[in-house]
Amino acid sequence: LWKSRAGLDEKSMTRLSIAYARALDAEEGLESALAPLRAALEALRDVERRRQIYVQAGELYETHERFDAAIAAYGGSL
């Protein structure tokens with residue numbers, strides 16, 4: 001499903017990216033989890049969808065106690 005994401009609408013792309021990031025975090029760790037979020041940001045134009053990606057990244061960083069990176073993500077930098 002991840003490889004065929006280009007055909008998805010922005011809502012579906014956002015949901016898929018967040019779900020995939022969570023799964024990767026559990027299985028492979030934080031750095032792997034951030035990859036689909038970064039990829040989604042390249043494709044998403046809707047401000048609210050992009051905000052959801054940044055919030056998810058911030059939450060992942062917080063889980064791993066990387067608080068400076070979490071603050072940056074919440075501020076719109078990944």
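No experiment lies behind these values; they were computed from the predicted model shown. Note that the numbering runs from 1 along the sequence shown for the chain.
Summarising the geometry, atom CG belonging to Leu60 is positioned 6.5 Å from atom CG belonging to Leu30; distances are rounded to the nearest 0.5 Å. A distance of 5.0 Å separates CG of Leu41 from CZ of Arg50, quoted to the nearest 0.5 Å. Here CG of Leu37 is found 5.0 Å from CD1 of Ile53. Values are rounded to the nearest 0.5 Å. Atom NZ of Lys11 and atom CZ of Arg49 lie 6.0 Å apart (nearest 0.5 Å).
Counting heavy atoms from C-beta on, the side chains of Glu42 and Arg38 never come closer than 4.5 Å. Contact check for Pro36 versus Leu24: side-chain heavy atoms found under the 4.5 Å cut-off.
In the displayed structure, Glu48 atom CD is contacted under 6.0 Å by more than 12 heavy atoms of other residues, nucleotides or ligands. Dense packing is recorded around CZ of Arg51, with more than 12 heavy atoms of other residues, nucleotides or ligands lying under 6.0 Å away.
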Test side-chain hydrogen bond (donor to acceptor under 3.5 Å, both in side chains) on Gln52 and Arg15; report intermediate values, then the result. CA-CA 9 Å; Gln52 291 174 326; Arg15 292 176 59 190; over 6 Å; no

Determine, step by step, whether Gln56 and Thr14 satisfy the side chain to side chain contact (heavy atoms under 4.5 Å, CB included) criterion, reporting the C-alpha distance in whole Å, the side-chain angles of both residues, the deciding distance to 0.1 Å, and the verdict. CA-CA 10 Å; Gln56 181 60 53; Thr14 302; over 6 Å; no

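Shown here are the side-chain hydrogen bond (donor to acceptor under 3.5 Å, both in side chains) partners of Glu10, two or more places apart in sequence or in another chain: there are none.
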Give the table of side-chain donor-acceptor pairs shorter than 3.5 Å for residues 66-78, with sequence neighbours excluded, one pair per line with atom names and distance.
unit_1, atom_1, unit_2, atom_2, d
Arg66, NH1, Glu31, OE2, 3.0
Tyr74, OH, Glu59, N, 3.3
Tyr74, OH, Glu62, OE2, 2.4

